[in-house]
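Please read the structure below before turning to the comments.
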Amino acid sequence: MSSTTTGWVRPKIEQNWLTRLLDWKPFLIIICLLPALGLLAVFLTYPLGLGIWLAFTDTTIGRSGRWVGLENFEFMFEDPIFWNAVFYSVFYTSVATIGKFGLGLWLALLLNNHLPFKSLLRAIILLPWIVPTVLTAVAFWWIYNPQFSVISWMLIELGLRDTNVDFINTAWPARWSLIAANIWRGIPFVAISLLAGLQTISPSLYEAALLDGSTAWQRFRYITFPMLLPILAIVMTFSIIFTFTDFQLVYAITRGGPVNSTHLLATLAFQRGIPGGQLGEGAAIAVSMIPFLVFATLFSYFALARRKWQQGESND
Amino acid sequence: MATVDIREVRKAFGSTQILHGVSVDIEDGQFVVLVGPSGCGKSTLLRMLAGLENITGGEIVIGGKVVNKVPPKDRDIAMVFQNYALYPHMTVYQNMAFSMKLAGAPKEVMDQEVQKAARILGLEQLLHRFPRQLSGGQRQRVAMGRAIVRNPQVFLFDEPLSNLDAKLRVQMRSEIKDLHQRLKVTTVYVTHDQIEAMTMADKIVVMNHGRIEQAGAPLELYDRPANLFVAGFIGSPAMNMLPGRIKDGKFIDGGGTSWPLPPVHAGREGAEVVYGIRPEHLRLDPNGIQATIQVVEPTGSETQVILRIGEISVMGAFRERIAANHGDMLAVSPELDLVHLFDKASGQRI
């Protein structure tokens with residue numbers, strides 16, 4: 001009311017064209033989205049699109065290819081090395097996932113108890129995961145070395161064996177050795193994620209179950225496990241994707257050998273595409289991973305969605 | 001059903017003493033309420049009864065048997081938790097049947113018991129719902145149903161109504177009391193709400209700082225509080241407590257106003273005391289003490305008035321409707337036989 005008494009009126013500010021443009025919602029939305037869209041297009045859509053495109057050409061390094069339709073795939077499907085890689089990818093993923101989740105859950109349950117130096121222990125558990133994969137790979141390469149393997153040395157010193165263990169020079173030992181390395185590397189992620197899940201379970205549920213007369217196994221079976229399932233499904237999705245697309249460990253330790261027996265789809269695609277120069281063929285192998293990943297993701301997604309109506313926050 | 005004896009029970013977490021030797025006798029079928037401000041150790045005592053906390057010293061006896069070393073599941077007790085602790089991934093039916101399922105009860109027996117408990121609590125229509133699909137009051141009932149199915153010797157309630165809104169709290173309060181009257185199971189109930197304690201209990205145990213201040217029937221505590229703490233804790237609005245001294249057969253408060261004294265106390269000339277009078281025990285009296293009205297709070301059934309007498313504030317609650325304003329004068333006097341006197345130094349009732 002003071003303006004009427006003093007005669008001073010708040011001046012009406014004229015808005016210039018830029019202000020008005022920025023106040024216009026559609027324009028503002030486009031402006032705000034543009035950087036993100038640009039990044040996605042340049043770093044995600046373009047390489048992915050290019051990879052898929054290459055899979056349908058006969059491009060080699062140094063020569064741009066031409067469209068050959070499904071020829072790469074036809075060739076690939078008749079290639080026993082490809083089928084070997086499919087087999088090992090699935091085998092590697094399944095066994096490593098089971099191992100990681102078995103041991104990871106066990107570790108998470110242990111860490112969920114009251115232990116001395118709890119946070120220090122948790123930090124140590126995370127170590128394998130924060131070490132660069134190549135370092136892990138080099139370490140395992142040494143551990144599995146035919147001549148200098150520390151495991152062989154220990155076994156011989158203990159008198160359990162007379163000769164060095166053959167870890168990576170024949171097909172099946174090499175396959176299992178790589179899986180062991182992958183499990184070692186993957187446990188922390190699973191353990192820490194599941195530990196986070198365990199800590200969201202209200203202690204009063206365990207107290208109620210204790211009064212209801214449950215044994216420790218029954219508390220795990222009827223409380224912990226079902227309550228952990230949603231987070232278990234998410235962690236498992238991620239773990240399956242990471243494991244299926246694994247490259248570094250295998251390539252650094254065995255390079256797919258001996259005799260292509262430990263090729264994963266990712267290492268085979270790289271082998272064919274870059275050192276082998278057959279970009280089209282490599283791309284086709286890489287593209288063939290997509291259906292597996294989509295299937296794994298959908299499986300977890302629907303397993304999760306089914307839980308959603310059971311679980312949920314108690315407050316409303 | 002069973003008696004419960006708590007004998008000189010002590011609890012310490014490290015060097016922190018939570019309970020300093022607490023003894024309570026609970027008769028078979030009695031409804032006992034442990035009440036006190038937060039941190040007084042009432043919940044700890046209940047959890048010790050349940051076996052969820054170790055007993056540092058003393059004995060807990062349920063049904064004539066010392067249970068200090070008996071694991072929770074063998075104590076034959078059922079507990080209703082403050083947050084209900086319903087298993088979120090199980091239906092109401094599964095929640096209630098869980099203890100029987102663990103015990104390996106046959107399907108028909110389980111069905112029968114759950115249906116019986118559901119009927120008592122009016123949960124028949126909700127048996128296939130999940131906890132998150134229930135309202136607060138319904139969850140509360142499921143938690144009780146889970147306890148009833150156990151058919152325990154003792155029910156334990158840990159602040160079961162504190163998550164409900166005021167109206168529901170009143171309703172559930174009478175439901176729990178009604179349930180107790182029908183089942184006649186020994187019950188120990190923890191709350192910080194003195195109204196819950198007053199309305200539900202056969203016996204109230206008032207606790208403070210890990211000690212029992214007073215134990216007794218609700219009206220006994222109201223009529224004869226043993227000390228200043230109980231006097232201030234039981235009753236709403238809280239008792240007026242005026243420190244002062246006795247002089248010439250009257251009580252003189254800190255502001256110099258003199259209050260009438262019950263004849264039995266006339267002989268305590270010169271004693272330093274606290275004069276306690278409940279707001280509802282002040283009455284309008286034209287010949288009484290002159291007071292200035294500060295605030296008038298009509299509740300409909302009565303009128304609560306904050307009065308200023310000399311230097312001190314006094315709360316009065318009157319049946320009459322008082323159409324007075326801030327600053328008006330009012331004359332009041334205490335009901336002589338309802339005056340409480342406490343020793344100023346010890347806080348104990350005289």
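Just so it is clear, the structure is predicted and the values come from calculations on it, not from any experiment. Side chains included, hydrogens not; waters and symmetry mates left out as well; all remaining heavy atoms used. Here is the naming used below: chain letters follow the sequence lines, and residue numbers restart at 1 for every chain.
Under the 4.5 Å side-chain criterion, counting only non-hydrogen atoms from C-beta, Arg75(B) is not in contact with Leu211(A). In this structure, Pro88(B) and Met227(A) have side chains that are in contact, with non-hydrogen atoms separated by less than 4.5 Å. Between Leu210(A) and Pro71(B), the closest side-chain pair of non-hydrogen atoms is not below 4.5 Å. Between Tyr87(B) and Asp212(A) there is a side-chain heavy-atom pair separated by less than 4.5 Å.
When every heavy atom of Arg146(B) is checked against every heavy atom of Ala208(A), the shortest pair comes out as NH2-CB, 3.6 Å.
Summarising the local packing, CG of Asn54(B) is surrounded by 12 or fewer heavy atoms from other residues, nucleotides or ligands at distances under 6.0 Å. At most 12 heavy atoms of other shown residues, nucleotides or ligands fall within 6.0 angstrom of atom CZ in Phe225(A). Other residues, nucleotides and ligands contribute over 12 non-hydrogen atoms within 6.0 Å of the CZ atom of Phe13(B). Heavy-atom neighbours of Gln199(A) CD from other residues, nucleotides or ligands within 6.0 Å: above the threshold of 12. No more than 12 heavy atoms of other residues, nucleotides or ligands lie within 6.0 Å of CD in Gln125(B), so this atom counts as exposed by the packing criterion. Within 6.0 Å of the NZ atom in Lys118(A), the count of heavy atoms belonging to other residues, nucleotides or ligands exceeds 12. Shown here is Glu59(B), whose CD atom has more than 12 heavy atoms of other residues, nucleotides or ligands within 6.0 Å.
Contact of Tyr222(A) with chain B is made through backbone and side chain together, with heavy-atom distances under 4.5 Å. Residue Met90(B) touches chain A through its side chain alone, counting heavy-atom pairs closer than 4.5 Å. Neither the backbone nor the side chain of Ala103(B) comes within contact range of chain A; no heavy atom of the residue lies under 4.5 Å from a heavy atom of that chain.
In this structure, CG in Leu205(A) is found 8.5 Å from CG in Leu86(B), a value given to the nearest 0.5 Å. The distance from the CZ atom of Phe81(B) to the OG atom of Ser202(A) is 9.0 Å, given to the nearest 0.5 Å. Summarising the geometry, atom OG belonging to Ser204(A) is positioned 9.5 Å from atom CE belonging to Met79(B); distances are rounded to the nearest 0.5 Å. In this structure, CZ in Arg47(B) is found 4.0 Å from CD in Glu207(A), a value given to the nearest 0.5 Å.
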